[in-house]
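Working notes, beginning with the structure itself.
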Amino acid sequence: MGEMSMNKAIHGAFRRDLDRFITALGTFQPGDRARAAQLATAWANFDDQLTHHHEGEHQIAWPALHAVGVSTELLDAMDAEHDTMAAALAETRVAMAGLLRDPGDAQAAAAKACFETLRTVTVAHLDHEEAELEPVYQANKDTPEIKAMGRAFGKTGLARGGRFFSWVLDGASPEERAGITASVPAPVLSIIGGIFGRGYRKEIAPIWAATPPRR
């Protein structure tokens with residue numbers, strides 16, 4: 001099993017959820033208000049996680065990567081992709097609000113179309129980022145700059161941290177789990193996730209139990 005950075009493991013969770021949403025919306029039954037409410041709950045978490053991630057990259061990761069030699073031009077290109085992704089998030093936000101208000105066939109189709117666009121632009125960005133930056137993370141993982149970056153990302157508070165780790169590990173592959181535990185020891189994950197990840201496990205994980213990601 002090859003090494004994987006935590007960043008790439010997080011990317012895996014975004015890909016999984018995007019597939020889950022598209023699968024769920026493709027089988028959505030018009031008028032199912034309970035299912036619409038479930039998907040709205042899952043969407044609120046996904047929207048928050050992706051927004052927090054790309055904003056954190058701009059504020060925390062990019063300065064650290066620039067310090068270890070990544071060019072300004074490449075980081076600017078990554079930010080432009082973030083802008084495209086943020087625009088797709090905004091459109092999906094509107095569509096999901098519409099589905100929650102009126103869970104009809106047209107609203108489900110509109111939401112699914114938005115998710116398909118969001119998946120296209122997000123996966124294109126994740127693929128580009130991994131191709132360009134995953135080798136940099138691996139080559140510099142023991143440098144002061146990258147270690148400081150990891151500590152900065154860790155300053156999120158226990159409530160957010162517990163929800164994040166419960167989410168990112170929900171359906172993670174063994175390689176993705178290893179990427180997480182390489183940075184955060186398993187006992188720490190058990191404590192943080194066990195106490196502060198209960199909300200995710202109670203409210204969101206069951207939503208996806210019957211809607212596995214497409215492989």
Quiz prompt | Linked, directly or transitively: Leu189 and Leu158 (ILVMFWY side chains, under 4.5 Å) | solution = yes
Quiz prompt | side-chain contact (heavy atoms from CB on, under 4.5 Å) partners of Ala110, counting only residues at least two apart | solution = none
Quiz item: Taking only residues at least two apart or on different chains, which pairs with a member in residues 39-48 satisfy salt bridge (charged side-chain N to carboxylate O under 4.0 Å, His left out)?
Solution: Asp47-Arg93, Asp48-Arg160, Asp48-Arg163
Quiz item: Do Leu89 and Val123 belong together in a cluster built from hydrophobic side chains that touch within less than 4.5 Å?
Solution: no
Practice problem: Please state whether the rings of Trp62 and His82 are parallel, tilted or perpendicular, taking 30° and 60° as the class boundaries. | Solution: parallel
Practice problem: Just jot down the side chain to side chain donor-acceptor pair (under 3.5 Å) partners of Thr27, sequence neighbours excluded, or say none. | Solution: none
Quiz prompt | His53 ring center near Phe14 ring center (under 6.0 Å) | solution = yes
Quiz item: Under the side-chain contact (heavy atoms from CB on, under 4.5 Å) test, which residues partner Glu116, sequence neighbours left out?
Solution: Ile22, Lys112
Practice problem: Apply side chain to side chain donor-acceptor pair (under 3.5 Å) to Trp43 and list each qualifying residue two or more places apart in sequence or on a separate chain. | Solution: none
Quiz prompt | Modelled atom types, side-chain donor and acceptor of Gln138 and Ser5, under 3.5 Å | solution = no
Quiz prompt | Single-linkage hydrophobic cluster Leu50~Ile207, side-chain heavy atoms < 4.5 angstrom | solution = yes
Quiz item: Of all residues at least two apart in sequence or in a different chain, which pass the side chain to side chain donor-acceptor pair (under 3.5 Å) check with His128?
Solution: Glu81
Self-check item: Same apolar cluster: Phe153 and Leu75, side chain cutoff 4.5 Å
Solution: yes
Please output the side-chain donor-acceptor pairs of residues 64-72 that fall under 3.5 Å, not counting sequence neighbours, one pair per line with the distance.
unit_1	atom_1	unit_2	atom_2	d
His66	NE2	Thr72	OG1	3.2
Ser71	OG	Leu74	N	3.1

Quiz item: Hey, is Arg15 close enough to Glu176 for a salt bridge, meaning N to O under 4.0 Å?
Solution: no
Quiz item: In terms of hydrophobic clusters joined by side-chain contacts under 4.5 Å, are Val136 and Met4 together?
Solution: no
Quiz item: Can you name the closest pair of heavy atoms from Val168 and Ala9 and give their distance?
Solution: CG2-O, 4.1 Å
Practice problem: Rounded to the nearest 0.5 Å, what's the gap from OG1 on Thr143 to CE on Met149? Could you check? | Solution: 8.5 Å
Exercise. Please report the closest heavy-atom contact between Ile60 and Ala152, naming both atoms and the distance.
Key: CG2-CB, 3.7 Å
Exercise. Please report the closest heavy-atom contact between Ala95 and Ala111, naming both atoms and the distance.
Key: CB-CA, 3.8 Å
Quiz prompt | Residue pairs fulfilling salt bridge (charged side-chain N to carboxylate O under 4.0 Å, His left out) with at least one residue in residues 141-151, sequence neighbours excluded | solution = Glu3-Lys141
Show me the side-chain donor-acceptor pairs of residues 178-186 shorter than 3.5 Å, one per line, residues at least two apart or across chains.
unit_1	atom_1	unit_2	atom_2	d
Thr181	OG1	Arg177	O	3.1
Thr181	OG1	Ala178	O	3.4

Using a 3.5 Å cut-off and no angle test, enumerate the donor-acceptor pairs between side-chain atoms of residues 191-200 and protein atoms at least two apart in sequence or in another chain.
unit_1	atom_1	unit_2	atom_2	d
Arg198	NE	Gly194	O	3.1
Tyr200	OH	Asp170	OD2	2.7

Quiz item: How long is the gap from CG on Leu133 to CE on Met78, to the nearest 0.5 Å?
Solution: 4.5 Å
Quiz item: Taking 4.0 angstrom as the limit, do Arg16 and Asp19 come out as a salt bridge?
Solution: no
Quiz item: About how many Å separate CD1 of Ile10 and CD of Gln49, when rounded to the nearest 0.5 Å?
Solution: 9.0 Å
Quiz prompt | Point-to-point distance, once rounded to the nearest 0.5 Å, from CD of Glu129 to NE2 of His125 | solution = 4.0 Å
Self-check item: Shortest non-hydrogen contact from Gly98 toward Gln107
Solution: O-CG, 3.9 Å
Quiz item: So do Phe164 and Thr156 actually touch side chain to side chain, heavy atoms under 4.5 Å?
Solution: no
Practice problem: Locate the shortest heavy-atom distance separating Ala88 from Val121; write the atom from each residue and the value. | Solution: CB-CG2, 3.9 Å
Self-check item: Nearest-0.5 Å distance that lies between atom CZ in Phe28 and atom CG in Leu39
Solution: 7.0 Å
Practice problem: Start with the C-alpha gap between Asn7 and Glu57, add the side-chain angles, then the distance that decides, and say whether side chain to side chain contact (heavy atoms under 4.5 Å, CB included) holds. | Solution: CA-CA 10 Å; Asn7 187 57; Glu57 284 187 329; 3.4 Å; yes
Quiz prompt | With Leu18 via side-chain contact (heavy atoms from CB on, under 4.5 Å) - residues at least two apart | solution = Phe46, Phe115, Leu118, Arg119, Thr122
Quiz item: With sequence neighbours excluded, what pairs up with Glu203 under the side chain to side chain donor-acceptor pair (under 3.5 Å) test?
Solution: none
Quiz item: Nearest 0.5 Å, what's the CZ-CD1 distance between Arg20 and Ile204?
Solution: 10.5 Å
